Amino acid sequence: MYILMISRGIPTPHYPQWGCFEKDQAEALARLGHKVIVMSIDARFKRHRGSLGLHHSSINGVEYYNQVVLPGELFSRILGRERYWATIKRNYYIRLAEKIIALHGRPDVIYSQFFTNTAFGVDIKKSFGVPLVAIEHYSKFNDFTFTQLEKKCAAYAFQGADKIIAVADTLARNINKLFNKDCSVVHNMFGVEFEGKFNISSRDKDKPLVFVSTASLIYRKGFDVLINAFAEAGLPKDKWCMKIIGWGEEYNNLKRQISEHHLQNNILLLGKMTKSQIVAELSSSHAFILPSRSENFSVAVLEALALGLPVLATECGGIKECIDDSNGVIVPVDNVPALAEGIKQIYAGYDNFDRVAIARDSHQRFSPLSIARQITNILESVTI
């Protein structure tokens with residue numbers, strides 16, 4: 001099957017999370033023997049995007065076409081965001097699809113990631129007569145904080161798609177409630193970098209228990225709550241360490257908060273890392289923490305489970321679809337005392353978790369090939 005995927009972009013050293021979901025899925029689908037071409041329009045107002053124009057690369061059996069264009073923010077200020085999306089940005093997508101089809105032929109199916117890309121996928125579908133499957137990850141459909149323009153765009157996208165995939169049961173229910181559209185549920189996957197990487201040795205009880213987390217340092221991720229929870233938990237300072245991997249606008253606030261609680265030697269902000277570096281850090285850690293205020297189906301949690309780490313997570317999005325008593329602890333969102341108790345529970349009961357069983361279960365349920373097969377079945381259903 002020839003799949004044309006519409007992505008946000010391609011991960012780079014400066015922006016390792018940009019398009020990471022899409023890259024993992026594209027490569028997993030290619031491993032099943034599909035021809036996968038990924039297209040993206042980069043209209044961000046960001047440095048280090050690359051030069052203007054079309055960039056082509058071939059990585060792990062997938063062809064990537066990324067068009068870097070003038071920042072959409074400039075046009076949006078003049079035309080308004082809705083008019084910009086409906087005219088200039090739509091034209092970018094149609095023209096890029098034309099170029100790809102001229103080079104590679106007409107795809108069997110369009111597979112779009114996130115509702116904004118799905119809206120442009122609807123336009124491509126109408127222009128070239130290709131069926132469209134959309135997959136949705138957007139967390140704001142769970143807490144209903146999206147704008148009216150986002151809701152209008154999502155309605156157009158979902159009504160025009162032939163099939164919709166949601167990455168969690170909760171998201172599927174909310175899309176049905178908001179847009180009266182049924183969704184298939186296919187969970188996120190961990191990347192190929194985490195396949196078969198668990199090599200679990202016994203814990204040295206004379207050394208600190210190492211907690212770890214990976215996420216952007218933004219308010220939604222709840223790291224301010226986590227820092228307060230560690231302060232409240234009162235664990236012996238020589239017996240634990242918390243490593244936070246990621247970067248974002250809350251970095252200085254979190255650093256200040258850590259200092260105020262005198263936890264500089266315990267809570268470490270490690271900054272951005274590549275996937276291989278993240279694998280190394282998680283492999284040398286003992287437990288993972290997700291303190292988010294809102295999520296859909298956290299890939300970071302799946303990556304931790306793939307390496308056999310028990311997970312302490314807040315009850316948001318699809319967390320109950322991957323965490324139970326056998327592999328972690330779930331606590332309420334935005335609740336410092338509950339998170340502190342969860343930290344103490346993991347700390348005291350760490351040896352009760354079977355890390356090999358955690359890793360094996362994760363590989364059976366969330367491996368790239370397992371998820372890619374589920375996606376394939378849905379893509380094939382619209383091409384018959």
Side-chain angles (χ1 to χ4, degrees), residues 139 142 168-170 187-188 190 194 198 200 202-203 205 207-215 220-237 239-246 261 263 266-267 278 281-366:
S139 62
N142 287 333
D169 289 332
T170 49
H187 295 134
N188 283 326
F190 56 79
F194 295 84
F198 60 98
I200 299 161
S202 59
R203 175 194 168 199
K205 294 186 178 181
K207 294 183 179 180
L209 185 76
V210 180
F211 298 92
V212 66
S213 189
T214 60
R220 180 170 64 85
K221 295 299 183 178
F223 286 118
D224 56 319
V225 182
L226 180 62
I227 294 166
N228 288 335
F230 268 111
E232 183 167 315
L235 302 179
K237 287 188 176 182
K239 296 296 184 181
W240 66 276
C241 172
M242 175 73 220
K243 297 180 179 181
I244 300 175
I245 301 167
H261 286 298
L263 294 174
N266 292 87
I267 302 180
I278 291 172
E281 284 293 341
L282 265 62
S283 297
S284 63
S285 301
H286 300 105
F288 187 90
I289 304 181
L290 179 83
S292 292
R293 293 180 165 96
S294 176
E295 290 283 346
N296 264 319
F297 202 84
S298 171
V299 172
V301 165
L302 300 185
E303 293 171 348
L305 293 174
L307 299 178
L309 274 66
V311 173
L312 168 60
T314 50
E315 187 179 348
C316 57
I319 202 67
K320 284 189 172 181
E321 295 163 52
C322 60
I323 300 298
D324 57 29
D325 291 344
S326 70
N327 61 7
V329 175
I330 300 175
V331 299
V333 171
D334 220 350
N335 187 317
V336 172
L339 191 55
E341 285 302 312
I343 290 168
K344 290 190 285 187
Q345 187 175 342
I346 292 285
Y347 178 82
Y350 174 79
D351 292 330
N352 296 326
F353 291 103
D354 185 339
R355 290 193 56 180
V356 172
I358 290 172
R360 285 177 176 165
D361 176 68
S362 175
H363 278 67
Q364 289 175 355
R365 299 171 63 198
F366 308 117

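Everything numeric here is computed off the predicted structure, so don't read it as measured data.
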Given 3.5 Å as the limit, does a donor-acceptor pair link the side chain of Asn296 with the main chain of Ala168, or not?
no

Distance (rounded to the nearest 0.5 Å) between Ile346 CD1 and Leu235 CG
11.5 Å

Any sub-3.5 Å donor-acceptor pair from Asn327's side-chain atoms to Asp324's backbone N or O?
yes

When you compare the side chain of Phe288 with that of Glu303, does any pair of heavy atoms fall below 4.5 Å?
no

Heavy-atom donor-acceptor pair, Ser362 side chain to Ile358 backbone, under 3.5 Å:
no

Any Lys/Arg nitrogen of Arg293 or Asp224 sitting under 4.0 Å from an Asp/Glu carboxylate oxygen of the other?
yes

Going through the distances and angles, do Ile343 and Leu226 end up as a side chain to side chain contact (heavy atoms under 4.5 Å, CB included)?
CA-CA 9 Å; Ile343 290 168; Leu226 180 62; 4.2 Å; yes

Working to the nearest 0.5 Å, report the span between NZ of Lys221 and CD1 of Ile244.
13.0 Å

Identify the heavy atoms of Phe366 and His187 that sit nearest to each other, and give their distance.
CE2-ND1, 3.8 Å

Please report the closest heavy-atom contact between Thr314 and Pro332, naming both atoms and the distance.
CG2-O, 3.7 Å

Between Ser285 and Val210, what is the shortest heavy-atom contact and its length?
OG-CG1, 3.6 Å

From CG (Leu282) to CZ (Phe194), nearest 0.5 Å
6.0 Å

Any side-chain heavy-atom pair from Val331 and Glu315 closer than 4.5 angstrom?
no

Where do Tyr347 and Phe230 land on the ring-ring contact (aromatic ring centres under 6.0 Å, His included) test, with the steps shown first?
CA-CA 11 Å; Tyr347 178 82; Phe230 268 111; 9.7 Å; no

Step-by-step side chain to side chain contact (heavy atoms under 4.5 Å, CB included) determination, Ile227 to His261:
CA-CA 8 Å; Ile227 294 166; His261 286 298; 3.8 Å; yes

So do the side chains of Cys316 and Ser292 get within less than 4.5 Å of each other, counting heavy atoms only?
yes

Backbone N or O of Gly308 within a donor-acceptor pair of the Arg360 side chain at under 3.5 Å?
no

Please evaluate residues Ser139 and Arg220 with respect to the criterion side chain to side chain contact (heavy atoms under 4.5 Å, CB included), reporting the C-alpha separation (whole Å), side-chain torsions for both, the decisive distance (0.1 Å), and the verdict.
CA-CA 10 Å; Ser139 62; Arg220 180 170 64 85; 3.8 Å; yes

Any chance the side chains of Glu295 and Ser298 put a donor and an acceptor closer than 3.5 Å?
no

Answer whether the closest heavy-atom distance between the side chains of Lys237 and Leu263 falls below 4.5 Å.
yes

What are the two closest non-hydrogen atoms of Ala359 and Ala306, and how far apart are they?
CB-O, 3.6 Å

When rounded to the nearest 0.5 angstrom, what is the spacing between CD in Glu281 and CD1 in Ile245?
5.0 Å

Determine whether the aromatic ring centres of residues His286 and Phe211 are separated by less than 6.0 angstrom.
no

Do Leu290 and Leu312 have side-chain heavy atoms sitting under 4.5 Å apart?
no

Which distance, rounded to the nearest 0.5 Å, do you find between the CZ of Arg365 and the CG of Leu302?
9.0 Å

With side chains defined as the heavy atoms from C-beta onward, is the minimum distance between Ile289 and Met242 less than 4.5 Å?
yes

Looking at Asn266 and Cys241, would you say the former's side chain and the latter's main chain have a donor-acceptor pair under 3.5 Å?
no

Do Ile323 and Leu305 make a side-chain contact, defined as non-hydrogen atoms from C-beta onward lying under 4.5 Å apart?
yes

One pair to check against ring-ring contact (aromatic ring centres under 6.0 Å, His included): His363 and Phe190. What are the steps and the verdict?
CA-CA 9 Å; His363 278 67; Phe190 56 79; 4.9 Å; yes

State the OG-CG distance between Ser326 and Asp361, to the nearest 0.5 angstrom.
6.5 Å

Chi angles and distances behind the side chain to side chain contact (heavy atoms under 4.5 Å, CB included) call for Ile267, Trp240:
CA-CA 9 Å; Ile267 302 180; Trp240 66 276; 3.9 Å; yes

Side chains of Val301 and Val299, heavy atoms from C-beta outward: is any pair under 4.5 Å?
no

Least distance between heavy atoms, Asn188 atom then Phe297 atom
ND2-O, 2.6 Å

Output yes when a side-chain donor or acceptor of Asn228 lies under 3.5 Å from a complementary backbone atom of Val336, and no otherwise.
no

